[in-house]
Amino acid sequence: MAKHAVLSSGTHLWRSLACAKSELRLDLTLACGQSFRWRETAEGHWTGVMRGRVWTLTQTDDTLWYHVYDERKCGTRKRTGDSSEQKLKEFVKEEEDGEEEEQLRDYFQLNVKLETLYTEWGAADPHFKKIANIFTGVRLLRQEPTECLFSFICTSNNHISRITGMVERLCQALGAPLDQLDRTTYYDFPSLSALADGSVETRLRDLGFGYRAQFLQQSAKKILDSYGTQWLEGLRNVPYLEAHDALRTLPGVGTKVADCVCLMSLDKAEAVPVDTHVWQIAKRDYQFASSGRQKSITDKLHRDIGHFFRNLWGPYAGWTQSVLFCADLKKFQQLKETQSVEQPRNQEERVEEESDAAKSESKERSKPKKSNLCSEKTTTYVKKRRM
DNA sequence: CTACGACCTGT
DNA sequence: CAGGTCGTA
């Protein structure tokens, strides 16, 4: 039976490309709620499906290693002895290698120089600078639009651990099986037509999708019936707001989900998805005060917070946001502690600030009198009513 | 535009 | 209530 590849058993099964950890941290990037499809299958080894194939990724200081499993079972292919055929195969193999590297570069958007961006963000924002020293290498994946859209329809009123299970069952139920590695079978993400099938809603409800089952099936059907198979991909080539509004015509897609899809699969680096968590960050760490003391996140609040952060961080604000979002996840809190043991001074400063912020926040509702960077800037920035 | 309840399920 | 969205006031 085929097994998950591990680097320690030899580099001959692996390809590599130069990539510093300051540019990419697999552990943070693959487990911070962007994609729900990667699992740590061995220490520091991440296995998942990308472009219809199963990959395992791992990294050392300056190198990103990747292994692509061959779903065509060529691992056991026989030597034919025909040298010309062998040569042809090797040629084809090399072509594929180039293609695979290119796919990986595309998926991680390695053309975007993250270190440079971190420097710029840190110069503009002292709070980011503090976080940035620990949470390096958090970058945006460039996901396949269909997978991204339908995964994020599952995220409404939901938390990461449950979403992960749901997406897994979605692929199991409706996606094509690819490879089996050590007891686990990997499935491709379902096609639009598989998702649009009339039986899907009931099927997914049985799998615990709740009311989202209907959203998934109806969105797929609407895309197929009204927009066409190339529509989603095509949104990569239109401006952010246009793509955002187009996505919002789909059932189950509100402002937050639309922003996630824009940012994570449609090349809209300026999109800032605002959930309650990001709202907390805006209030706690940036003294963001909205005009009306909102109880929940309205569309207007989405826009205002988006404008505020774009104004602060610039055209890659969505990327910046994901670093801070990642740094706030419970599962990564240990990283802060380990780091701050080495730097006790920073630790004390941080804790002090945080408890201060927390205190004032709990009293804030009655007296929102804080001075803020935002209200002035955002009001001038928001000339139009729409984003 | 804002407010509010309903909606699935799990902790 | 949780990393929302929809329908209705």
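Residue numbers begin at 1 in each chain, while the letters A, B, ... track the order of the sequences. Because the structure is predicted, anything quoted here is derived from the model rather than measured.
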Let me know the distance between CD1 of A:Ile153 and C1' of B:dC7, rounded to the nearest Å. 16 Å
Please name all residues satisfying side-chain hydrogen bond (donor to acceptor under 3.5 Å, both in side chains) with A:Ser22, sequence neighbours left out, ordered by chain then number. A:Glu115
Honestly curious: do A:Val68 and A:Tyr187 fall in one hydrophobic cluster under the side-chain, below-4.5 Å linking rule? no
Is there any salt bridge (charged side-chain N to carboxylate O under 4.0 Å, His left out) pair reaching into residues 142-153 of chain A, and which pairs are they, with sequence neighbours excluded? A:Arg37-A:Glu147, A:Asp106-A:Arg142, A:Arg142-A:Asp267
For B:dC1, does OP1 or OP2 lie under 4.0 Å from any side-chain N or O of A:Arg303? yes
Counting primed atoms, P, OP1 and OP2 as sugar-phosphate and everything else as base, the B/S/- map of nucleotides 3-9 of chain C against protein heavy atoms under 4.0 Å is BBSS---
Test: salt bridge (charged side-chain N to carboxylate O under 4.0 Å, His left out). Region: residues 20-29 of chain A. Which pairs qualify, not counting sequence neighbours? A:Glu23-A:Arg139, A:Arg25-A:Asp27
Between B:dG10 and C:dC6, how far is it from one C1' atom to the other, in whole Å? 22 Å
Whole-Å distance, A:Phe209 CZ to B:dT9 C1', equals 12 Å
Pairing residues for A:Ala124 by the side chain to side chain contact (heavy atoms under 4.5 Å, CB included) criterion, not counting sequence neighbours: none
Measuring only the P atom in each nucleotide, how far is B:dT11 from C:dT5? A whole number of Å is fine. 23 Å
Within residues 226-238 of chain A or reaching into it, pairs that qualify as side chain to side chain donor-acceptor pair (under 3.5 Å) - sequence neighbours excluded: A:Tyr227-A:Thr249
Encoded 5' to 3' (Watson-Crick or G-U under 3.5 Å; [ ] crossing; | other strand), DNA chain C becomes ||.||||||
Here the salt bridge (charged side-chain N to carboxylate O under 4.0 Å, His left out) pairs for residues 215-229 of chain A, sequence neighbours left out, are A:Lys221-A:Asp225
Kindly list each side-chain donor-acceptor pair under 3.5 angstrom involving residues 152-163 of chain A, sequence neighbours excluded, with atom names and distances?
unit_1	atom_1	unit_2	atom_2	d
A:Thr155	OG1	A:Phe152	O	2.6
A:Asn158	ND2	A:Cys154	O	3.0
A:Arg162	NH2	A:Gly208	O	3.0

Starting at CZ of A:Arg212 and ending at C1' of B:dT9, how long is that distance when rounded to a whole Å? 7 Å
Would you tell me whether A:Asp259 and A:Tyr240 have side-chain atoms, one donor and one acceptor, within less than 3.5 Å of each other? yes
List in numerical order all residues of residues 198-208 of chain A for which some heavy atom is under 4.0 Å away from an atom belonging to DNA chain B. A:Arg205, A:Gly208
Sequence neighbours left out, cut at 3.5 Å: what donor-acceptor pairs do the side chains of residues 194-201 of chain A make with other protein atoms?
unit_1	atom_1	unit_2	atom_2	d
A:Asp197	OD2	A:Ser199	N	3.0
A:Asp197	OD2	A:Ser199	OG	2.7

Please give the remaining members of the hydrophobic cluster of A:Trp65, linking ILVMFWY side chains under 4.5 Å, ordered by chain and number. A:Leu7, A:Leu13, A:Trp14
